[in-house]
Amino acid sequence: TGQITASNLNDQTGGLPTSITLAIGARVMLIKNINVQDGLVNSASGTVVGFHPPPNDDMPAENFDPKFIFVQFDDARVGKQTRRETPVLHNSPLATPIARQEAKIFIGRYGKISNKRIQFPLALAWAVTIHKEQGRTENTLVVSSNGAFHKGQFYTAISRVKDLSGLHI
């Protein structure tokens, strides 16, 4: 067997970011499936509309530790069940509470040692890759064709928009 030092774990985050910096109005995307039946799936996008409990004005941002981040998803059906089952914590009827999620990290050659990471499964999403956009439909889309495109990738990108007037290349 052997020893595992804490420094070996620094790069292993279980798919969750080591830290996130968010504010009301930030565009975010779920980076983990939380509840597939409720539409709370990897790549669901929306806007941060609040925190619970709300931050104090005199508290330094790095000390703020909310229990929930409220996201208003672009598709109102996303999180509908969660909103129905959660006590009203926010004044917006479309604000879906997102709690921290746990990710297990298996370490070592045979994964017999595990660790866990707890973090909000959100990432800033002012822009997304075609991979994350696949399967979604948008009203407006700006596509950058710089870089290496594989066959079909450009088509996948431009076919995400509902109407050609919403496509900007």
Side-chain angles (χ1 to χ4, degrees), residues 1-56 59-90 92 94-138 147 150 153 156-157 160:
T1 78
Q3 289 186 334
I4 296 176
T5 61
S7 64
N8 294 3
L9 305 177
N10 288 344
D11 296 332
Q12 297 185 25
T13 63
L16 297 174
T18 55
S19 67
I20 54 175
T21 303
L22 300 174
I24 292 174
R27 292 284 303 158
V28 293
M29 173 187 293
L30 285 174
I31 56 172
K32 182 178 181 181
N33 289 345
I34 298 173
N35 183 336
V36 175
Q37 291 79 17
D38 199 16
L40 295 170
V41 296
N42 186 6
S43 84
S45 298
T47 303
V48 173
V49 294
F51 303 94
H52 179 76
N56 295 332
M59 177 188 299
E62 58 272 1
N63 294 344
F64 181 53
D65 188 26
K67 292 186 187 298
F68 297 102
I69 296 174
F70 291 102
V71 177
Q72 185 168 328
F73 288 97
D74 298 339
D75 183 342
R77 296 172 295 181
V78 173
K80 187 175 184 177
Q81 176 185 345
T82 301
R83 291 190 301 270
R84 211 175 25 242
E85 295 171 354
T86 305
V88 177
L89 299 172
H90 193 274
S92 171
L94 296 177
T96 303
I98 302 299
R100 288 180 177 90
Q101 299 292 307
E102 181 178 303
K104 283 207 174 214
I105 304 165
F106 295 97
I107 305 160
R109 187 176 200 176
Y110 302 106
K112 291 183 179 181
I113 301 170
S114 67
N115 196 1
K116 69 179 178 180
R117 172 172 205 71
I118 300 173
Q119 178 63 278
F120 292 102
L122 296 169
L124 288 173
W126 297 102
V128 295
T129 63
I130 294 307
H131 174 75
K132 286 285 189 180
E133 190 66 19
Q134 191 168 345
R136 295 178 47 183
T137 306
E138 302 292 346
H150 294 285
Q153 195 174 19
T156 301
R160 302 300 94 205

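On a predicted model such as this, the values are computed, not experimentally measured, just so you know. Because only heavy atoms are used, hydrogens play no part in the values below, and waters and symmetry mates are left out as well, while side chains stay in. Position 1 is the first residue of the sequence; numbering continues from there.
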K.L.:
Distance check, rounded to the nearest 0.5 Å: D38 atom CG versus E85 atom CD?
P.N.:
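Between atom CG of D38 and atom CD of E85 there are 7.5 Å.
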
K.L.:
Over all heavy atoms of both residues, which pair between L124 and A26 is shortest? Give the atoms and the distance, please.
P.N.:
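So the two residues come closest at CD2-CB, 3.9 Å.
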
K.L.:
Given the rule in the side chain to side chain contact (heavy atoms under 4.5 Å, CB included) test, do I69 and V48 qualify, once you have shown the distances and angles that lead to the verdict?
P.N.:
CA-CA 7 Å; I69 296 174; V48 173; 4.0 Å; yes

K.L.:
Kindly determine whether V71 and V49 satisfy side chain to side chain contact (heavy atoms under 4.5 Å, CB included), including the steps that lead there.
P.N.:
CA-CA 6 Å; V71 177; V49 294; over 6 Å; no

K.L.:
I need the minimum non-hydrogen distance between F64 and F51, along with the two atoms involved.
P.N.:
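Smallest interatomic distance, heavy atoms only, reads CZ-CB, 3.7 Å.
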
K.L.:
Quick check: closest heavy atoms across A123 and I31, and the distance to 0.1 Å?
P.N.:
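That closest heavy-atom pairing would be CB-CG2, 3.7 Å.
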
K.L.:
So T47 and I24, side chain to side chain contact (heavy atoms under 4.5 Å, CB included) or not? Walk me through it.
P.N.:
CA-CA 8 Å; T47 303; I24 292 174; over 6 Å; no

K.L.:
Could you tell me which residues satisfy salt bridge (Lys or Arg N to Asp or Glu O under 4.0 Å) with R84, sequence neighbours excluded, listed by chain and number?
P.N.:
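Expected list: none.
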
K.L.:
Where does the angle between the aromatic ring planes of F70 and H52 fall among parallel (under 30°), tilted (30 to 60°) and perpendicular (over 60°)?
P.N.:
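Correct class here is perpendicular.
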
K.L.:
List for me each residue that meets side chain to side chain donor-acceptor pair (under 3.5 Å) alongside D65, sequence neighbours excluded, and say none if there are none.
P.N.:
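R100.
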
K.L.:
Which atoms form the tightest heavy-atom contact between P66 and P53, and what is the distance?
P.N.:
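Closest pair (atom of P66, atom of P53, distance): CA-CD, 4.2 Å.
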
K.L.:
Is a side-chain donor or acceptor of N33 paired with a backbone partner of N42 at a separation under 3.5 angstrom?
P.N.:
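Here the side-chain-to-backbone pair exists.
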
K.L.:
Taking only residues two or more places apart in sequence or in another chain, which ones pass salt bridge (Lys or Arg N to Asp or Glu O under 4.0 Å) with R27?
P.N.:
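R27 satisfies salt bridge (Lys or Arg N to Asp or Glu O under 4.0 Å) with D74 only.
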
K.L.:
I'd like to know if the side chain of D75 and the backbone of R77 have a donor-acceptor N/O pair within less than 3.5 Å.
P.N.:
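Between the backbone of R77 and the side chain of D75 there is a qualifying donor-acceptor contact (under 3.5 Å).
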
K.L.:
Taking all non-hydrogen atoms of both residues into account, name the closest pair between R83 and V78 and its distance.
P.N.:
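Heavy atoms of R83 and V78 come nearest at NH1-O, 2.8 Å.
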
K.L.:
Could you measure the distance from the CG atom of L122 to the CD1 atom of I98? Nearest 0.5 Å is fine.
P.N.:
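Here the interatomic distance stands at 6.0 Å.
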
K.L.:
Could you tell me which non-hydrogen atom of E102 sits nearest to which non-hydrogen atom of K32, and how far apart they are?
P.N.:
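Looking at all heavy atoms of both residues, the closest pair is O-NZ, 2.7 Å.
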
K.L.:
Rounded to the nearest 0.5 Å, what's the gap from CH2 on W126 to CE on M29? Could you check?
P.N.:
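Between W126 CH2 and M29 CE, I get 12.5 Å after rounding to 0.5 Å.
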
